[in-house]
Colleague: 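This is the structure, below, for whatever I ask next.
Note that the structure is predicted; figures quoted are calculated from it, not measured. Numbers restart at 1 for each chain; the letters A, B, ... are given by sequence-line order, proteins then strands.
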2 protein chains.
Amino acid sequence: MTTRTPDTGDMLCFALYSASHAMTRLYRPLLAPLGLTYPQYLVLVSLWAQDGRSVRELGEELALESNTLTPLLKRMEESGLITRARSSEDERVVQVSLTEKGSALRSEAEKVTACVFEASGLSLDELGRLRNEVRALRDRIAALV
Amino acid sequence: MTTRTPDTGDMLCFALYSASHAMTRLYRPLLAPLGLTYPQYLVLVSLWAQDGRSVRELGEELALESNTLTPLLKRMEESGLITRARSSEDERVVQVSLTEKGSALRSEAEKVTACVFEASGLSLDELGRLRNEVRALRDRIAALV
DNA sequence: GAAATATAAATCGCGCACGATCAAATCGCA
DNA sequence: TGCGATTTGATCGTGCGCGATTTATATTTC
């Protein structure tokens, strides 16, 4: 009948917002012993898949701008996880590379992954399906912005 | 065969993280003309549903602590959207109430809602189903933390 | 009814996000 | 070849999120 203003419980955007924060809260105590924040963990995941990427490439993968990444990467350099170096071919580009320490965290991170999967309470199939739906929505929205 | 470290594309947590940020980016230009950020919009949505809530109640609804809400609410008070007043019954409690201006934004917000629904590219049914799945996941995770 | 405990909000410090802007390097092309 | 346009990353300011702590008020317990 009457269209009422949606409550937060009705809003998909709030479901995503609060679920994302819940995930970060779940990760925090698991990553803290490794000296990592969640966004820093994402950078490592990206570099484990492909080392030596530029700031721009990392930004494309993670949907973050240099104004976010530059200070974040400096902190990661400070804690000895990565190195940052200007490319000799193109002096504009900064290559980000894993250190020994950054590479070594990979095996620790697999335990974290397992722990988070457990916490989700989903089967691999369910998780994959939900992830694909959320990703599809994200891509549809991102294409507009 | 071998279990490889998941890439960001495989991770449900990253799907949620990036989808949530994409949503915020979608909302930003729609809310900016109203002088609102996305979290401030969420506070208004909560208050439109039930005015005069305490900081604690808002925090429960939005899953935010007073260290986030207090400064946020002060900014909203500053911009004339809400009032903050100590309860006379319990001096610890701060009641948050909509001003005329805060109430008036409700009709504007419905246009924003429609615009975001459009951008999602989902049917009402699909949206509802996805929202319920994301919410269920969030609640399962939040129960552990 | 005084001391111990619990609860509500505020404060502080740090790490994201991001709009706006800037400096430097490279590219394009007349 | 030279000069404007583009690309890359950095810088700055503001607004969240949140762990840790503090202050003030209320409740419990003895």
Side-chain angles (χ1 to χ4, degrees), chain A residues 14 17-33 35-43 53-60 62-79 81-82 84-96 142 145, chain B residues 14 17-33 35-43 53-60 62-79 81-82 84-96 142 145:
Chain A
F14 179 68
Y17 168 88
S18 52
S20 175
H21 284 308
M23 272 289 184
T24 305
R25 280 174 214 131
L26 174 62
Y27 268 105
R28 194 184 314 280
L30 304 174
L31 293 176
L36 290 174
T37 65
Y38 180 67
Q40 290 174 12
Y41 169 68
L42 291 178
V43 167
R53 291 206 238 204
S54 68
V55 174
R56 183 187 61 75
E57 286 167 328
L58 283 174
E60 275 172 12
L62 302 176
L64 295 172
E65 308 284 331
S66 68
N67 48 13
T68 298
L69 278 176
T70 296
L72 189 156
L73 294 172
K74 281 184 179 176
R75 283 187 287 273
M76 292 182 73
E77 188 179 35
E78 192 70 23
S79 45
L81 299 167
I82 58 164
R84 295 159 62 249
R86 291 272 168 189
S87 161
S88 53
E89 288 179 17
D90 187 339
E91 289 281 344
R92 290 173 302 183
V93 175
V94 169
Q95 307 275 357
V96 182
V145 185
Chain B
F14 179 67
Y17 168 88
S18 52
S20 176
H21 284 310
M23 272 289 183
T24 305
R25 281 174 213 131
L26 174 63
Y27 268 107
R28 184 170 287 111
L30 304 173
L31 293 176
L36 290 175
T37 65
Y38 180 67
Q40 289 174 13
Y41 169 67
L42 290 178
V43 167
R53 291 206 238 203
S54 67
V55 173
R56 184 185 63 75
E57 287 167 328
L58 283 174
E60 275 172 12
L62 303 176
L64 295 172
E65 308 284 332
S66 68
N67 48 12
T68 299
L69 279 175
T70 296
L72 190 156
L73 294 171
K74 280 184 178 176
R75 283 187 288 271
M76 292 182 74
E77 187 179 36
E78 192 71 21
S79 45
L81 298 167
I82 58 164
R84 295 158 61 250
R86 291 273 168 190
S87 161
S88 53
E89 288 178 16
D90 187 337
E91 288 283 341
R92 292 173 301 183
V93 174
V94 169
Q95 308 275 356
V96 182
V145 185

Colleague: Any residue in residues 24-32 of chain A with a heavy atom nearer than 4.0 angstrom to DNA chain C? Just list them by number, or reply none.
Modeller: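 The answer is none.
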Colleague: Taking for each residue the nucleotide of DNA chain C with the nearest heavy atom, is it A:Pro39 or A:Ser88 whose nucleotide lies nearer the 5' end?
Modeller: A:Pro39
Colleague: Here's a test of your reading of the structure: between A:Tyr17 and B:Asp90, which maps to the more 5' nucleotide of DNA chain D?
Modeller: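 Upstream on the strand: A:Tyr17.
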Colleague: Kindly give the heavy-atom pair with the smallest separation between A:Pro71 and A:Ser66, and that separation in Å.
Modeller: CD-O, 3.9 Å
Colleague: Taking the side chain as every heavy atom from C-beta outward, state whether B:Leu36 and B:Leu81 have any pair of such atoms under 4.5 Å apart.
Modeller: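 Contact flag for B:Leu36/B:Leu81 side chains = yes.
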Colleague: Would you call A:Arg56 and A:Val93 a side-chain contact if the rule is heavy atoms closer than 4.5 Å?
Modeller: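 A side-chain contact is absent here, since even the closest heavy-atom pair is not under 4.5 Å.
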Colleague: Measuring only between side-chain heavy atoms, which start at C-beta, is B:Tyr27 closer than 4.5 Å to B:Thr37?
Modeller: no
Colleague: Hey, where on DNA chain C does chain A first and last touch, going 5' to 3'? Cut-off is any atom under 4.0 Å from a heavy atom.
Modeller: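 The protein-touched segment is C:dG15 to C:dT26.
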Colleague: Identify whether the distance between the nearest side-chain nitrogen and carboxylate oxygen of B:Arg84 and B:Glu77 falls below 4.0 Å.
Modeller: yes
Colleague: Between atom CZ in B:Arg92 and atom C1' in D:dT22, what is the gap in whole Å?
Modeller: 16 Å
Colleague: Got A:Arg53 and A:Gln95 here, is their nearest side-chain heavy-atom distance under 4.5 Å?
Modeller: no
Colleague: Does D:dT8 have OP1 or OP2 sitting under 4.0 Å from an N or O in the side chain of A:Arg56?
Modeller: yes
Colleague: Just checking A:Glu57: base, sugar-phosphate only, or nothing, at a heavy-atom cut-off of under 4.0 Å?
Modeller: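 Nothing, no heavy atom under 4.0 Å.
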Colleague: Please work out if B:Gln95 contacts a base, only the sugar-phosphate, or nothing of the nucleic acid, heavy-atom cut-off 4.0 Å.
Modeller: nothing
Colleague: Rounded to whole Å, how long is the line connecting atom CD of B:Glu78 with atom P of D:dT14?
Modeller: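 Rounding to the nearest Å, CD of B:Glu78 and P of D:dT14 are 14 Å apart.
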Colleague: Go through it in stages, so that I can follow the logic: the residues are A:Glu57 and A:Ser54, the test is side-chain contact (heavy atoms from CB on, under 4.5 Å), and I'd like the CA-CA distance, side-chain angles, deciding distance and then a yes or no.
Modeller: CA-CA 5 Å; A:Glu57 286 167 328; A:Ser54 68; 3.3 Å; yes
Colleague: How long is the line joining CZ of A:Arg53 and P of D:dG9, in whole Å?
Modeller: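 Rounded to the whole Å, the gap is 13 Å.
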Colleague: Would you check if A:Val94 and A:Ser87 make a side-chain contact, meaning some heavy-atom pair closer than 4.5 Å?
Modeller: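 No, too far: nothing below the 4.5 Å cut-off.
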Colleague: For the pair made of NE2 in A:His21 and P in D:dG17, what is the distance, rounded to whole Å?
Modeller: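 These atoms are roughly 4 Å apart.
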Colleague: Just to be sure I understand the geometry, which residues of residues 63-76 of chain B put a non-hydrogen atom under 4.0 Å away from DNA chain C?
Modeller: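 The answer is B:Ser66, B:Asn67, B:Thr70, B:Lys74.
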Colleague: Is any side-chain heavy atom of A:Leu64 less than 4.5 Å from a side-chain heavy atom of A:Leu58?
Modeller: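 Counting from C-beta outward, A:Leu64 and A:Leu58 never come under 4.5 Å.
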Colleague: Hey, can you tell me if B:Tyr38 and B:Tyr41 have their rings parallel, tilted or perpendicular (30° and 60° cut-offs)?
Modeller: tilted
Colleague: Heavy-atom distance under 4.5 Å between the side chains of B:Phe14 and A:Leu62, does that happen here?
Modeller: yes
